[in-house]
Amino acid sequence: MKRLFALTALSAAALTLVACGQPAEKTAEVVDATVAPGTVQVADAWCRPTPNGAKAGGCYLTLTAGSDDRLVSVSTALAQSAEVHEMKMENGVMSMAHLHDGLPLPAGTPVELKPGGNHIMLMGLREPLVDGRIASFTLTFEKAGPISVHAAIKQPPVVDSEE
Ligand SMILES: [Cu+2]
């Protein structure tokens, strides 16, 4: 009886940690065992507003797969197309490229898509992304299948060094 109670308290503590978002800065090996195998947890989804008629917009989120998985595609009614992009340095110039093989998600490891790094790109926006609204898109994973995401359209939460 006592042991059972201790276990329950422990998993409750783990859940609380997850619910509160990032517990400080991650070290290399943070393994989140609370996500069920075959599913992917989506957290902190947001998109950057596109003022001035920009035709492309970036969206960011944190993905944690319960078992090894891969983000293979993105679709949305908001734009003509959507892709998973990576940022890479080429000849001293930062550029972005479509991840043709998708984004690998190792089991239990949060994978962060963030400004200056991997991101979801909505291209050929039919309407601008307006601060305060919601952007909906669907992520398709190799094993977990399609997952709908409703992302807050907002300015970046912290001032990034790139800004
Ligand atoms: Cu991009």
Side-chain angles (χ1 to χ4, degrees), residues 18 21-32 35 38-163:
V18 171
Q22 316 299 16
E25 208 33 52
K26 288 192 250 343
T27 46
E29 282 297 308
V30 177
V31 171
D32 185 343
V35 181
T39 68
V40 173
Q41 182 187 71
V42 179
D44 304 326
W46 63 280
C47 299
R48 197 189 283 270
T50 56
N52 311 320
K55 282 295 174 196
C59 295
Y60 313 92
L61 36 68
T62 301
L63 301 171
T64 309
S67 44
D68 287 350
D69 209 331
R70 184 178 290 267
L71 170 58
V72 288
S73 65
V74 187
S75 62
T76 181
L78 299 171
Q80 282 162 3
S81 65
E83 292 179 350
V84 187
H85 281 179
E86 65 172 340
M87 299 297 288
K88 56 182 180 186
M89 196 64 100
E90 245 171 59
N91 304 322
V93 179
M94 199 69 150
S95 65
M96 58 186 180
H98 182 193
L99 279 172
H100 289 281
D101 297 324
L103 178 66
L105 305 170
T109 307
V111 174
E112 210 179 341
L113 284 77
K114 59 183 178 183
N118 294 342
H119 56 278
I120 288 163
M121 190 118 230
L122 310 183
M123 292 167 298
L125 284 168
R126 301 185 205 282
E127 283 175 41
L129 299 177
V130 178
D131 200 349
R133 295 207 190 144
I134 299 288
S136 298
F137 47 90
T138 301
L139 304 178
T140 300
F141 301 90
E142 200 169 72
K143 298 191 183 110
I147 295 180
S148 297
V149 177
H150 305 284
I153 301 172
K154 61 180 188 179
Q155 299 296 337
V158 283
V159 177
D160 293 292
S161 49
E162 54 155 6
E163 299 251 319

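Counting convention: from 1, in listed order, for ligands and their atoms alike.
- Atom CG of residue Leu78 and atom CE of residue Met123 lie 13.0 Å apart, to the nearest 0.5 angstrom.
- Of the possible polar contacts, one joining the Lys143 side chain to the Asp68 backbone as a donor-acceptor pair under 3.5 Å is found.
- Rounding to 10 degrees gives 120° for the angle at the Cu ion (ligand 1) between NE2 of His119 and SD of Met121.
- For the Cu ion (ligand 1), the nearest N, O or S atom contributed by His85 is named ND1.
- Formation of a donor-acceptor pair under 3.5 Å by the Ser67 side chain with backbone atoms of Gly38 is found in this model.
- The Cu ion (ligand 1) has Met96 among its coordinating residues (N/O/S atom, backbone or side chain, under 2.8 Å).
- Ring planes of Tyr60 and Trp46: tilted class, angle from 30 to 60°.
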